[in-house]
Trainee: 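I am attaching a structure below and will ask some questions about it afterwards.
Computed from a prediction, not measured in an experiment: that's the story for all the values here. Here is how names work: the chains are called A, B, and so on, in the same order as the sequence lines, proteins then strands, and each is numbered from 1.
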Amino acid sequence: MSQPAVTASRLTKRFGDLVAVDEIDFELEVGECFGFLGPNGAGKTTTVRMIHAVTPITAGDLVVLGLRVDREPAAIKRRLGVVPQEENLDPDLTPWENLLVFARYFDIPRVEARRRAAEFLEFVGLTPRAGSPLDELSGGMKRRLLIARALLNQPELLVLDEPTTGLDPQARHLVWQRLRTLKAQGVTQVLTTHYMEEAARLCDRVALMHAGRILRQGRPADLVRAEIGEDVIEIRGDEALHRAALALVDGRTLGREQTGDTLYLYCADGRALLPTLSGLRPPHLLHRPAGLEDLFLKVAGHSLQE
Amino acid sequence: MALAWPTWRAVRVWQRNLAVFRKYSLPSLLGPSIGEPLLYLLGLGFGLGTLVGTVRGQRYVEFVAPGMVMSSAMFAAAYECTYGAYVRMMHQRTYEAIITTPLSLEDVVAGDVLWGASKGTFNGTVMLTVVSLFGLAHSPWTLALPVILALLSLLFASLSLVVAALARSFEFFNYYLTLVITPMFLFCGVFFPVESLPRWAQMMAKFLPLTYAVEASRALMQGRPSFDVLLPLLWIVPPLLAAFLLAARLVRRRLIH
Ligand SMILES: Nc1ncnc2c1ncn2[C@@H]1O[C@H](COP(=O)(O)OP(=O)(O)OP(=O)(O)O)[C@@H](O)[C@H]1O
Ligand SMILES: [Mg+2]
C-alpha cells in the first residue's frame, strides 16, 4: 500500500467562535477521486482550502502528499492544482496570457509553458478563444480556463471547488470527461459539488458534510444501499394520500421521507410494491433506483431539522 | 499567524504586473504621475519663476526641478500601491490566485512593493530626462538620482500598501493622498526652502523623508555632493523597513483567516 495522498485527523477550523470544520477524519488514496457534499455553509470550501495549504488549520493534523500543511506549504502547493470556488483569473489578460503568467509562478520554462498552455487550452476546448479579452468569455468558459490553469504544473493532486457550477450540460459533460481522463492518468482528485449526479459519476468515495462534520463517508453505491435501499417510489399528493399509501405498504419498506407534497418510500424491490399502490391512483407516482440525492435529502434533511 | 520572509519568487509577481502594464503602458505613462509634475514644473517653474527670480542663487525653475523629479516618483509609487494594489488584492483576487502556487503572501506583498517602486523610479527617471532636456541639470552627479528615486519609491510603495491593506474602499485613498502625500509635496522643500517655514513646521519637515530626498537630489544636480546632504538619506531606510513589515502583516491579517 502506498501512503495516502491526504490524511486528516481531528481536523478543525474555527473562525472566531464559529466552528467551520469540526474534528473531521478522512483519508484520500493516491489515484482516487474523493468528493465533499453538503449544503451551503457545511464547511466544504474551508476543508479543501486547508488541503491546498491556504487556510491555516486551527487544530488536528493534515498531511498532504506526505507533507504537513502547516510546515511545508510551498512544497505542497508546487505539486497541487487548484480550481477555486470563486473565479480569480487576471481580467486584463487573455486566456493564453493568463496561463503563461501563471506558469511562471511554478518556474516552468517559457517554451514548455507555451507547449502546456496550448495543450491544456485544447484539453478544455478553449483553443478558439485563446486570444479573446477575458470579459468576452462566458462564465462557463472561465471555469474551464481555471481548470486548464490548475493543470499547468502537472499536479499530482487536483483540488476542485465546485468545478462545474454554472456550466451548461454540454460543458459539464466535457469537464466530467476530462476529469475522468486525468484520473485515468493517475491524478488524485478532491472535489466539492452540489450535484449528486456529478458525485455519483466521478467520485470513488464521498463525504457528506453538515455543519462542519462528516455525517457519512464511503462509496456512493454502498452508502445508498445501506441507508436507502435499492429503489425509491415517489408519490406526490396531499396528506391523506400519503397516509393511505403508508397504510398499504406498512412493514414492506426500508424507510420513508416526506418533504412538502412528496412522499419517498425506500425499499429493496419497488416493483413488488407497485401493484399494492395501484389502487390509490395517485396523480403522480415515480418508481426509480435509489441515488445519492435520496441519501443527501435523508441525512442532511434530518440534520437541518435538528 | 507567523510572518514568513519574502523570497526571490517575489520577482514573479513583478513580472505579472509588467505583463499587465505592457498592455496599458501608454495611458499610465501620460497619466497623473508624470503629466501632473510636468505641468507643475512648467507652470510654476517658468511662470511663477519670473516673479520669484532666484532662490538660494538658483533660477526658480532650477530650484523646483529636483523636487518635481522626486515627487513624481512618490506619486507614481503611491498610486500604484494604493489603487493598483487594492484592485489586485480585493477586486480581482489576484493575491488569492497567486498564493495557491508556491509563492507565499509575503512574496506577493514584496512583489507588489517592488513593482510600485519600479514604477516610481521609472517615472522619476523619465521626469529627470525631461528636466535634463530643458537644460536644468548641470552635473554628471545627476546620474545618481535614480538611486535616490529607488529608495524613495520603495518607501512610498510600502507605506501605500499599508494604506491599501487597511482601506475599505477607494474613498479611503483620498484621505491618504490629501492628508499624507500632498502635505509632503508642499512642505518638504519642493517649492521653497524648508528654512522659510516657521520653526515648528521646519521640525515637522525634518521627520518627512521626502525632505532629505529633495535636498540631496538638488545638491547632486548642482554638482555639490556632500556627506551632509547624502547621509540623511539613510533616514529613509528605517521607516521603509517598518512600513514593509507592517504591510506584510496587515495584508496577511486581511486575507488569511
Ligand atoms: N473567512 C471566513 N470568516 C468567517 N467565517 C467564514 C469564513 N469562511 C467561511 N466561513 C464560515 O464557515 C462556514 C463554512 O463555510 P464554507 O465556505 O466552508 O462552506 P461550503 O460548504 O463551502 O458552502 P457553499 O456550498 O456555500 O460553498 C460557513 O458558516 C461560513 O460562513
Ligand atoms: Mg464552498
Side-chain angles (χ1 to χ4, degrees), chain A residues 13-16 18 20 45-46 48-58 70-94 96-108 110 133-134 145-146 149-150 152-153 155 158-159 161, chain B residues 1-28 80 83-112 114-115 119 249 251-257:
Chain A
K13 179 68 192 182
R14 280 191 287 273
F15 296 108
L18 183 124
T45 295
T46 307
V48 297
R49 281 173 64 92
M50 288 192 284
I51 293 176
H52 68 78
V54 162
T55 293
I57 67 177
T58 306
D70 44 351
R71 298 259 174 81
E72 295 171 272
I76 292 173
K77 290 189 287 183
R78 171 170 290 285
R79 296 159 64 188
L80 246 56
V82 178
V83 175
Q85 180 169 359
E86 296 194 46
E87 182 256 309
N88 56 19
L89 296 158
D90 253 321
D92 299 317
L93 303 176
T94 63
W96 175 252
E97 293 164 335
N98 259 282
L99 296 188
L100 290 188
V101 163
F102 214 75
R104 267 205 301 253
Y105 302 135
F106 293 94
D107 302 324
I108 300 167
R110 202 165 170 73
L134 209 72
L145 181 57
L146 284 171
R149 193 180 75 174
L152 281 171
N153 60 321
L158 200 53
V159 179
D161 199 350
Chain B
M1 184 63 202
L3 210 61
W5 283 104
T7 65
W8 60 270
R9 290 184 190 285
V11 172
R12 299 301 187 205
V13 178
W14 187 91
Q15 288 175 308
R16 178 259 165 216
N17 290 343
L18 181 67
V20 173
F21 176 72
R22 276 165 52 170
K23 304 192 80 171
Y24 302 94
S25 52
L26 208 62
S28 7
E80 184 58 37
Y83 293 100
Y86 187 77
V87 167
R88 290 190 284 276
M89 191 183 336
M90 303 311 295
H91 294 185
Q92 302 182 354
R93 301 170 174 275
T94 310
Y95 284 26
E96 262 197 56
I98 300 177
I99 60 172
T100 63
T101 73
L103 277 75
S104 70
L105 196 53
E106 285 72 20
D107 293 332
V108 181
V109 168
D112 247 8
L114 279 180
W115 172 249
K119 269 188 101 171
R249 163 138 277 167
V251 170
R252 184 165 272 283
R253 195 183 71 183
R254 180 146 200 189
L255 295 186
I256 307 290
H257 299 118

Trainee: Name the region of A:Asn153, side chain, backbone, both or neither, that has any atom closer than 4.5 Å to a heavy atom of chain B.
Mentor: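 Contact with chain B involves no heavy atom of A:Asn153 at all.
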Trainee: Can you name the closest pair of heavy atoms from A:Ala74 and B:Pro102 and give their distance?
Mentor: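 Where A:Ala74 meets B:Pro102 most closely, the heavy atoms are CB-O, 3.6 Å.
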Trainee: Taking all non-hydrogen atoms of both residues into account, name the closest pair between A:Lys77 and B:Thr100 and its distance.
Mentor: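 Smallest interatomic distance, heavy atoms only, reads CB-O, 3.7 Å.
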Trainee: Are the charged groups of A:Arg49 and B:Glu96 less than 4.0 angstrom apart, N to O?
Mentor: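 Here A:Arg49 pairs with B:Glu96 in a salt bridge, since their nearest N and O are under 4.0 Å apart.
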Trainee: Determine the minimum heavy-atom distance between B:Ile99 and A:Val54, stating which atoms define it.
Mentor: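 Minimum heavy-atom contact is O-CG2, 3.6 Å.
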Trainee: Calculate, to the nearest 0.5 Å, the distance between atoms CG and CZ belonging to A:Asp92 and B:Arg88 respectively.
Mentor: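 Here the interatomic distance stands at 9.5 Å.
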Trainee: Heavy atoms only: give me the nearest A:Val101-B:Ala19 pair and the separation to one decimal.
Mentor: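 So the two residues come closest at CG2-CB, 4.1 Å.
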Trainee: Under 4.5 Å from any heavy atom of chain B, what part of A:Arg79 do you find: side chain, backbone, both or neither?
Mentor: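 For A:Arg79, no heavy atom lies under 4.5 Å from chain B.
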Trainee: So, taking the atom named CD in B:Gln15 and the one named CG in A:Leu100, what distance separates them when rounded to the nearest 0.5 Å?
Mentor: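 Here the interatomic distance stands at 12.0 Å.
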Trainee: Any side-chain heavy atom of B:Thr94 within less than 4.5 Å of one from A:Asp90?
Mentor: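 B:Thr94 reaches A:Asp90 side chain to side chain.
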Trainee: Should B:Arg16 and A:Tyr105 count as side-chain neighbours, where that means a heavy-atom distance under 4.5 Å?
Mentor: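 Side chain of B:Arg16 against side chain of A:Tyr105, heavy atoms only: contact under 4.5 Å found.
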Trainee: Using 4.0 Å as the upper bound for N to carboxylate O, is an ion pair formed by B:Lys23 and A:Glu97?
Mentor: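 A salt bridge is present here (some side-chain N lies under 4.0 Å from a carboxylate O).
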Trainee: Is atom CZ of A:Arg78 surrounded by more than 12 heavy atoms (other residues, nucleotides or ligands) closer than 6.0 Å?
Mentor: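 Counting neighbours around CZ of A:Arg78, more than 12 heavy atoms of other residues, nucleotides or ligands fall under 6.0 Å, so yes.
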Trainee: Any donor-acceptor pair under 3.5 Å linking the side chain of A:Arg104 with the backbone of B:Arg12?
Mentor: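 No, A:Arg104 side chain to B:Arg12 backbone: no donor-acceptor pair under 3.5 Å.
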Trainee: For A:Lys13 and B:His257, which heavy atoms make the closest approach, and how far apart are they?
Mentor: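 The answer is NZ-O, 3.0 Å.
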